[in-house]
Q: 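This is the structure I have questions about; it appears just below.
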Amino acid sequence: MAKTIFSSLIMLVVGFCIGLMSNVGCLGPNNTDFPMATMAAAAITVSQPPATLDVEDNTVLLESAANAVAALQKQDYAGLSALAHPEKGVVFAPYSTVDLNTNVALTCNQIAGAPTDTTLYQWGVADGSGDPISLTIKDYFDRYVYNADYANAPVIGIDQVIGQGNALENVKDVFHDARFVEYYFPGLNPEYGGFDWCGLKLVFAPYQEAYRLVAVIHSEWTI
């Protein structure tokens, strides 16, 4: 009787050990069904191929322009520099006609350092007088970039010139591979009958699956 009980105990222990070894095997690296948490963690670290920039999608373009105009509104030069094209920089034109020979192109670092930069840059010539536009970056921005609250402009155009006077509009001729968003005010003071209209074109070029700012073009009534 005792021998029978002992044999039964031995079989029970052996069966338990076999079961335990089987469970341990389920946790091994060769089993792909059980360790769901491990597989999920591994999936997070897998790098996905970058999404292709759809140059026909206006949503991405408008988001880029909104970020840029918000940075201008807040005078966030560091934020603006982060949106600038790292290789081409940003061309600044005080009037609608872009002239790469006379307009200033700022690098990302120059834009970021604008608040403390006292350098007088030659941005072009003033309409009417023909005098050189000699201003610091910050003073230029106040006069020829964010001279109106473009973040709340009543009219916004995509790849379309809205405000147009007698100055040559050549944005599409100069920046062939770019797209632009124009923020436009038909007038700032009703007493001027629309002669104080102004616009700001933010020009973007594709760069590493995103849009980067390559030009800021100010427009206004000219003689």
Side-chain angles (χ1 to χ4, degrees), residues 50-117 119-125 132-147 150-151 156-163 167-184 199-219:
T52 302
L53 177 63
D54 184 359
V55 295
E56 302 296 329
D57 184 2
N58 292 335
T59 302
V60 179
L61 177 66
L62 287 172
E63 288 177 352
S64 301
N67 291 334
V69 79
L72 290 171
Q73 182 188 45
K74 296 182 291 187
Q75 297 186 0
D76 180 8
Y77 295 98
L80 184 66
S81 69
L83 303 172
H85 198 291
E87 297 176 357
K88 297 181 180 181
V90 182
V91 175
F92 290 87
Y95 303 107
S96 298
T97 305
V98 180
D99 186 345
L100 298 181
N101 293 320
T102 59
N103 297 149
V104 174
L106 297 177
T107 66
C108 296
N109 289 337
Q110 286 176 309
I111 295 172
T116 58
D117 189 350
T119 305
L120 293 177
Y121 294 86
Q122 306 300 315
W123 306 89
V125 296
I133 301 175
S134 180
L135 297 169
T136 64
I137 298 176
K138 190 175 184 306
D139 288 342
Y140 176 84
F141 274 38
D142 290 341
R143 170 60 183 88
Y144 290 103
V145 178
Y146 210 79
N147 64 299
Y150 291 108
I156 299 175
I158 301 175
D159 296 328
Q160 178 182 359
V161 175
I162 302 174
L168 174 66
E169 294 282 352
N170 64 344
V171 56
K172 295 181 180 180
D173 297 327
V174 176
F175 303 99
H176 303 284
D177 62 341
R179 302 189 66 192
F180 67 93
V181 176
E182 180 170 2
Y183 296 85
Y184 174 72
L200 189 70
K201 300 182 190 71
L202 302 180
V203 186
F204 296 88
Y207 178 80
Q208 294 185 352
E209 313 307 331
Y211 279 117
R212 291 300 186 95
L213 188 67
V214 294
V216 176
I217 306 171
H218 170 80
S219 299

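Counting begins at 1 with the first residue of the sequence. Computed from heavy atoms alone, side chains included, the values below leave out hydrogens, waters and symmetry copies.
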Q: Quick one: does Asn103's side chain have a donor or acceptor within less than 3.5 Å of a partner on Asp99's backbone?
A: yes

Q: Apply ring pair (Phe, Tyr, Trp, His ring centres under 6.0 Å) to the pair Tyr184 and Tyr150, showing each step before the final yes or no.
A: CA-CA 7 Å; Tyr184 174 72; Tyr150 291 108; 9.4 Å; no

Q: Working to the nearest 0.5 angstrom, can you tell me the gap between Leu200 CG and Tyr146 OH?
A: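 It is 9.0 Å, given to the nearest 0.5 Å.
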
Q: Please find the pair of heavy atoms, one from Ala151 and one from Val69, that lie closest to each other, and give the distance.
A: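 Ala151 and Val69 have their closest heavy atoms at N-CG2, 3.7 Å.
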
Q: How about Phe175 and Phe204: are their ring centroids closer than 6.0 Å?
A: no

Q: Please check if the side chain of Glu182 supplies one atom and the backbone of Gly157 the other of a donor-acceptor pair under 3.5 Å.
A: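 Looks like no, no N/O pair under 3.5 Å.
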
Q: Measure the CG-CG distance between Asn67 and Leu72 for me, rounded to the nearest 0.5 Å.
A: 11.0 Å

Q: Could you measure the distance from the SG atom of Cys108 to the CD atom of Glu87? Nearest 0.5 Å is fine.
A: 10.0 Å

Q: Judged by atom type as modelled, is there a donor-acceptor pair below 3.5 Å linking the side chain of Arg212 to the main-chain atoms of Leu83?
A: no

Q: Identify the heavy atoms of His85 and Pro206 that sit nearest to each other, and give their distance.
A: NE2-O, 4.5 Å

Q: How many angstroms lie between atom CG of Asn109 and atom CG of Asp117, to the nearest 0.5 angstrom?
A: 11.5 Å

Q: For the residue pair Lys201 and His218, establish whether any side-chain heavy-atom pair is separated by less than 4.5 Å.
A: no

Q: If you define the side chain from C-beta out and look only at heavy atoms, does anything of Val161 sit under 4.5 Å from Phe180?
A: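 Yes, their side chains come closer than 4.5 Å.
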
Q: Using side chain to side chain contact (heavy atoms under 4.5 Å, CB included), reason through Ile133 and Tyr95 one step at a time and then give a plain yes or no.
A: CA-CA 11 Å; Ile133 301 175; Tyr95 303 107; 4.2 Å; yes

Q: Does Thr97 use its side chain to pair, donor to acceptor, with the backbone of Leu168 at less than 3.5 Å?
A: yes

Q: I need the Leu120 CG to Asp139 CG distance, nearest 0.5 Å.
A: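 Atom-to-atom, Leu120:CG and Asp139:CG are 8.5 Å apart.
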
Q: Is there a donor-acceptor contact under 3.5 Å from the side chain of Asn170 to the main chain of Asp173?
A: no

Q: Return the minimal non-hydrogen interatomic distance between Ile137 and Tyr121, and the atom names on each side.
A: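 Ile137 and Tyr121 have their closest heavy atoms at CG1-CE1, 3.5 Å.
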
Q: Do you know the tightest heavy-atom contact between Asp159 and Lys172?
A: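 Scanning both residues completely, I find the closest heavy atoms to be O-NZ, 3.3 Å.
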
Q: Report yes if the side chains of Leu61 and Val181 come closer than 4.5 Å at any heavy-atom pair, otherwise no.
A: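 Sidechains of Val181 and Leu61: in contact.
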
Q: Give the minimum heavy-atom separation between Ala178 and Val203, together with the two atoms involved.
A: CB-CG1, 3.6 Å

Q: Quick check: do Val145 and Tyr140 have side-chain heavy atoms less than 4.5 Å from each other?
A: yes

Q: Counting only N and O atoms by type, is there a donor-acceptor contact under 3.5 Å from the side chain of Gln110 to the main-chain atoms of Thr107?
A: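 The answer is yes, because a donor-acceptor pair under 3.5 Å joins these two groups.
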
Q: Parallel, tilted or perpendicular, judged at 30° and 60°: which one describes the rings of Phe141 and Tyr77?
A: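 Phe141 vs Tyr77 ring planes: tilted.
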
Q: Would Val90 and Ile111 satisfy side chain to side chain contact (heavy atoms under 4.5 Å, CB included), going step by step from the backbone distance to the final call?
A: CA-CA 9 Å; Val90 182; Ile111 295 172; 3.9 Å; yes

Q: Between Val91 and Val214, is a side chain to side chain contact (heavy atoms under 4.5 Å, CB included) present by the stated rule, with each step listed?
A: CA-CA 6 Å; Val91 175; Val214 294; over 6 Å; no

Q: Can you list every side-chain hydrogen bond (donor to acceptor under 3.5 Å, both in side chains) pair that touches residues 55-65, not counting sequence neighbours?
A: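 Only Asp57-Thr59, Asn58-Arg179 qualify under side-chain hydrogen bond (donor to acceptor under 3.5 Å, both in side chains).
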
Q: Nearest heavy-atom pair of Leu202 and Ala65: which atoms, and what distance?
A: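 Of all heavy-atom pairs spanning Leu202 and Ala65, the closest is CD1-O, 3.7 Å.
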
Q: Calculate, to the nearest 0.5 Å, the distance between atoms CG and CD belonging to Asp54 and Glu209 respectively.
A: 11.0 Å

